[in-house]
Amino acid sequence: MPRRPRPSRRTSGLLVLPLLLAAGCAGANAASSHAGSASLPPLPKPSVGVAPVTDSANALPLPLDGYLLNPAQIASVQQAQAKLVDACMAGFGLDFHFPPAPKELREPDAPTTRVDGRYGRQNAQLMVRWGYHPEGGTPADGGVQKTTPPPEVMVAETGTDKPTERFGPGGQVINGHKVPERGCLGQANRRLTGTPDGQIGDPQSAIDAKFRTMGAAQDDPRTQAAFAQWAACMKEHGVAEYTDPLAAMSDSEWARTPQPGARELKVAGADADCRHRANVVGIWYSVDYAYQQEVVDADPAGMAKIKAGLETQVRNAAEVLGS
């Protein structure tokens, strides 16, 4: 029997490549969450208000939304970062263009206040037509091959010539110009963040909170009760091998073909119906909201620092793109 994947925590850190975004439909990676926060004590079970009756929470707010970059903000920061790095590399006489961010596969109703939907696919029409595949099917591999940049490009970009190091102290001279600390990428990131380390993107503490609350909400008895109702409904549809929606959407069989097959469409159609009948998303969302609010309320100073840092990135990115 397929098992629900345990969460895998995403890291932030400085990026040699553009920020990696999660798909807006919150696929298996977004729906799996909290293994990385297993060492933290469990969150107390919060009281939960009346759950909305809804098949999609994509348009509903979550307390952590203001403490993580949304898709539009991420795009702005990425574009500014690329502009700054390209200009710096050109100053060394190097023909270099910062790699574009991977194209997102976002559904028409994907949330705009956060990167991922957290509760799996929430569009019944798309589930019936495309199963767990993106609308139109899985795009063919563009055939882009990874290449090793020339040594001087790596040094100028990162401040080090050692492949095992992400960044170095700089100081090398290329075409008569001294490489800045942490290279052109470090210089760009300092400009955007206003901090010496220049950590672009969401801070690790916010990412930890995101996945910690996601895992807590998934494992909460109130969500599990909704999952049990969902599983009973799925059996009525003749689909008995999944214990919860995460196991259904994460079945490795779906990734084997670019288009959904008959079995996938059957499972996804049943999934959509059973989510609706058990109000899975409404209950899951209300529990998730409560855990997120609990985390935000527990550390107002820390959360304010997170928000201020993100606002600095967004403001500085706008200045760079406007210049």
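Hydrogens, waters and symmetry mates play no part in the numbers below; they use all other heavy atoms, side chains included.
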query = Do Asn189 and Gln199 come close enough that some side-chain heavy atom pair is under 4.5 Å?
reply = no
ask   = What about Val179 and Phe98, same hydrophobic cluster or not, with Ile/Leu/Val/Met/Phe/Trp/Tyr joined at side-chain heavy-atom distances under 4.5 Å?
value = yes
request  = Could you walk me through whether Tyr285 and Leu62 pass side chain to side chain contact (heavy atoms under 4.5 Å, CB included), step by step?
outcome  = CA-CA 9 Å; Tyr285 165 81; Leu62 283 168; 3.5 Å; yes
Any Trp284 side-chain heavy atom under 4.5 Å of Asn279 side chain = no
inquiry  = Less than 4.0 angstrom from a charged side-chain N to a carboxylate O is my criterion; do Asp288 and Arg118 meet it?
reply    = yes
task = Taking the side chain as every heavy atom from C-beta outward, state whether Leu43 and Val295 have any pair of such atoms under 4.5 Å apart.
result = yes
inquiry  = When you compare the side chains of Asp55 and Gln122, does any donor N or O come within less than 3.5 Å of an acceptor on the partner?
reply    = no
query = Do the side chains of Ser252 and Arg256 get nearer than 4.5 Å, heavy atoms only?
reply = yes
query = With a 4.5 Å limit on heavy-atom distance, are the side chains of Val85 and Phe96 in contact?
reply = yes
ask   = Mind checking whether Thr158 and Glu165 have side chains closer than 4.5 Å, heavy atoms only?
value = no
Heavy-atom neighbours of Gln125 CD exceed 12 at 6.0 Å = no
query = Mind checking whether Tyr132 and Pro260 have side chains closer than 4.5 Å, heavy atoms only?
reply = no
message = Within the structure provided, determine whether Val320 and Leu84 are in side-chain contact (heavy-atom separation under 4.5 Å).
response = yes
task = Looking only at non-hydrogen atoms, find the nearest pair between Leu69 and Gln313 and report the distance.
result = CD1-OE1, 4.1 Å
